[in-house]
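Contents: one structure, followed by commentary.
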Amino acid sequence: MSNMDKNYIFLTLLCRMVKIHVIPNIPANAKWTQNGVTIAGGNGWGNANNQLYEPYGLFVDDNQTVFIADYENHRIMQWKEGNTTNGQVAAGANGQGNQLDQLNSPTDVLIDKETDSLIICDWRNRRVVRWSRRSGPTQGEILIDNIDFEGLAMDDQRYLYISDPEKHEVRRYESGDVNGTLVAGGNGLGNGTSHLNGVTYLFVDRQQNVYVSDNCNHRVMKWSKDAKEGIVVAGGQGEGSALTQLNYPNGLFVDMFGTLYVADTWNHRVMRWTQGAQQGTVIVGGNGHGAGANQFSYPTGLSFDRHGNVYVADESNHRVQRFSLQ
């Protein structure tokens with residue numbers, strides 16, 4: 001048994017008690033296979049069970065089932081480990097609409113272990129909804145309504161964090177709270193350390209530090225708990241493709257060592273930024289815009305499984321790619 005597997009067993013027992021997602025302990029010098037394997041979609045755009053249509057956010061559970069916000073199909077799909085042929089509808093797929101059994105361009109999804117349910121960014125309906133996994137994909141319930149947002153995160157206390165690209169801020173919501181508490185931004189559009197510009201995806205660590213894809217500022221910001229301003233942890237050198245730059249970043253992930261991974265969408269690559277680094281490294285992609293096994297077409301969502309394998313929502317290729325940890 002490897003050290004990673006031993007660590008996983010310990011973390012799994014801990015996370016079952018506190019109901020949080022296992023975060024892999026990835027070595028600092030880790031490398032991944034450069035040719036991805038398509039584990040969902042990849043059959044052109046469409047709404048069949050073997051297709052996706054512009055996948056956005058995704059979440060990998062501890063059984064390596066992948067949940068995908070299938071944006072243009074107005075549904076959440078799940079693809080189980082070992083079955084790359086067909087997915088299953090986990091929420092929506094009743095047409096575009098605002099009824100409780102419908103979604104309208106979902107952008108992100110996560111799992112709440114406490115209630116065994118999906119929490120979904122129902123973007124064009126301006127609401128956050130919860131769909132139980134126990135009762136099947138029948139209908140959801142509204143948690144928060146009348147809000148502009150794009151990304152979701154949940155901490156180990158089950159507080160929800162929601163990015164608002166219109167107000168350039170991130171808010172934290174406790175159960176039953178409809179107003180939320182400001183945790184990042186909130187000072188209007190700008191590129192200073194107290195500002196954000198078009199925030200998209202989020203990651204919250206166990207210290208409740210909030211990592212934000214400051215999309216239109218081409219950077220990732222970290223806001224420590226109760227901080228009044230953030231610090232740049234990736235990018236921030238303007239739009240571009242140098243290793244010091246990002247180009248409209250989206251999906252985020254932070255491992256146990258505090259290393260940041262980011263879907264660098266318009267550069268068609270996934271980058272790794274260690275703490276305090278002045279530049280990042282490309283871990284997968286970065287081979288130009290395309291549909292090859294080592295290429296992306298606007299990667300958006302990003303996640304890891306318990307083994308440290310990388311999952312990328314390859315938006316315009318209508319597929320999810322997995323890159324195995326070597």
Side-chain angles (χ1 to χ4, degrees), residues 32-61 64-96 102-110 118 120-124 137 150-152 200-201 213 215 247-253 262-270 284-305 309-324:
W32 289 262
T33 55
Q34 293 302 294
N35 288 332
V37 175
T38 301
I39 56 92
N43 297 298
W45 64 267
N47 62 6
N49 282 349
N50 68 343
Q51 293 178 304
L52 298 168
Y53 191 178
E54 294 191 1
Y56 272 45
L58 76 166
F59 186 95
V60 183
D61 74 8
Q64 293 178 272
T65 299
V66 183
F67 295 84
I68 305 160
D70 193 8
Y71 179 82
E72 290 287 359
N73 282 326
H74 315 293
R75 65 188 184 182
I76 304 298
M77 294 293 289
Q78 65 175 17
W79 293 67
K80 295 184 178 180
E81 167 68 7
N83 183 3
T84 61
T85 304
N86 288 294
Q88 296 176 302
V89 175
N94 293 304
Q96 180 181 9
Q102 295 177 307
L103 299 171
N104 192 349
S105 300
T107 57
D108 208 2
V109 59
L110 58 80
L118 301 175
I120 302 166
C121 267
D122 191 10
W123 182 58
R124 290 194 186 277
E150 189 158 341
L152 277 175
T200 55
Y201 290 89
S213 270
N215 185 270
N247 197 346
Y248 295 104
N250 279 296
L252 300 177
F253 195 91
V262 53
D264 188 10
T265 300
W266 282 44
N267 282 325
H268 314 290
R269 65 190 183 185
V270 175
V284 291
N287 298 301
H289 172 253
N294 68 345
Q295 293 179 302
F296 296 119
S297 180
Y298 302 101
T300 304
L302 178 67
S303 192
F304 284 71
D305 67 20
N309 302 315
V310 184
Y311 295 72
V312 184
D314 191 9
E315 180 192 333
S316 294
N317 282 325
H318 314 292
R319 65 186 183 183
V320 173
Q321 296 287 90
R322 180 174 64 202
F323 298 83
S324 298

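Values below: every heavy atom of this structure, side chains too, minus hydrogens, waters and symmetry copies. Start at 1 with the first residue, then count along the sequence.
Judged by distance alone, the side chain of N50 and the main-chain N or O of N86 form no donor-acceptor pair under 3.5 Å. Under a 3.5 Å cut-off, the side chain of H74 and the backbone N or O of S105 do form a donor-acceptor pair. In this structure, the side chain of S297 does not engage the main chain of G290 through any donor-acceptor pair within 3.5 Å. Without hydrogens or angle criteria, N294 side chain to N35 main chain gives no donor-acceptor distance under 3.5 Å. Under the 3.5 Å distance criterion, the side-chain polar atoms of N267 are left unmatched by any main-chain donor or acceptor of G286. Q321 contributes no side-chain N or O that, together with a main-chain N or O of V312, makes up a donor-acceptor pair within less than 3.5 Å. Distance alone, capped at 3.5 Å, places no donor-acceptor pair between the Q88 side chain and the Q78 backbone. A donor-acceptor pair under 3.5 Å is formed between the side chain of D122 and the backbone N or O of N104. The main-chain N or O of R322 is never found under 3.5 Å from a side-chain atom of S324 such that the two would form a donor-acceptor pair. Checked by atom type and distance alone, the side chain of D108 pairs as donor or acceptor with a backbone atom of L152 at under 3.5 Å.
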Exercise for the section: Dump the intermediate steps for side-chain contact (heavy atoms from CB on, under 4.5 Å) on D264 and N247, then the final yes or no. Expected result: CA-CA 6 Å; D264 188 10; N247 197 346; 4.0 Å; yes
Item to complete: Apply side-chain contact (heavy atoms from CB on, under 4.5 Å) to the pair V89 and M77, showing each step before the final yes or no.
Response: CA-CA 5 Å; V89 175; M77 294 293 289; 3.8 Å; yes
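Note: N47 CG to D70 CG = 9.0 Å, rounded to the nearest 0.5 Å. The line from NE2 of H318 to CG of L52 is 9.0 Å long, rounded to the nearest 0.5 Å. Taking CG of D314 as the start and NE2 of H268 as the end, the distance is 10.0 Å to the nearest 0.5 Å. Here CZ of F296 is found 12.0 Å from NE2 of H289. Values are rounded to the nearest 0.5 Å. From N49, atom CG reaches atom OG1 of T85 across 11.5 Å, with rounding to the nearest 0.5 Å. Remark: I120 CD1 to T107 OG1 distance equals 10.5 Å, nearest 0.5 Å.
Ring pair W266/Y248 is tilted by interplanar angle, where 30° to 60° counts as tilted. Ring geometry, W123 versus Y71: the interplanar angle falls from 30° to 60°, so the pair is classed tilted.
With no hydrogens or angles considered, a side-chain donor-acceptor pair links Y311 and D305 at under 3.5 Å.
Listed here is the closest heavy atom pair of V109 and G57: CG1-O, 4.3 Å. Closest of all the heavy-atom pairs between W79 and I39 is CE3-O, 3.4 Å. Between A48 and R75 the shortest heavy-atom distance is O-NH2, 3.1 Å. Of all the heavy atoms in L302 and G251, the pair that sits closest is CD2-O, 3.7 Å. Among all heavy-atom pairs drawn from N317 and A291, the shortest one is OD1-CB, 3.5 Å. Contact between A263 and P299 at its shortest, heavy atoms only, is CB-O, 3.9 Å.
In this structure, the side chains of R269 and V284 stay at 4.5 Å or more apart for every pair of heavy atoms. T38 is not listed as a side-chain neighbour of T84, based on a closest heavy-atom distance of 4.5 Å or more. Contact annotation: the side chain of N215 never approaches that of Y201 to less than 4.5 Å [non-hydrogen atoms, C-beta and beyond].
Checking each of T300, V320, N250 against E315 for a side-chain contact (heavy atoms from CB on, under 4.5 Å) leaves exactly one that passes, namely T300.
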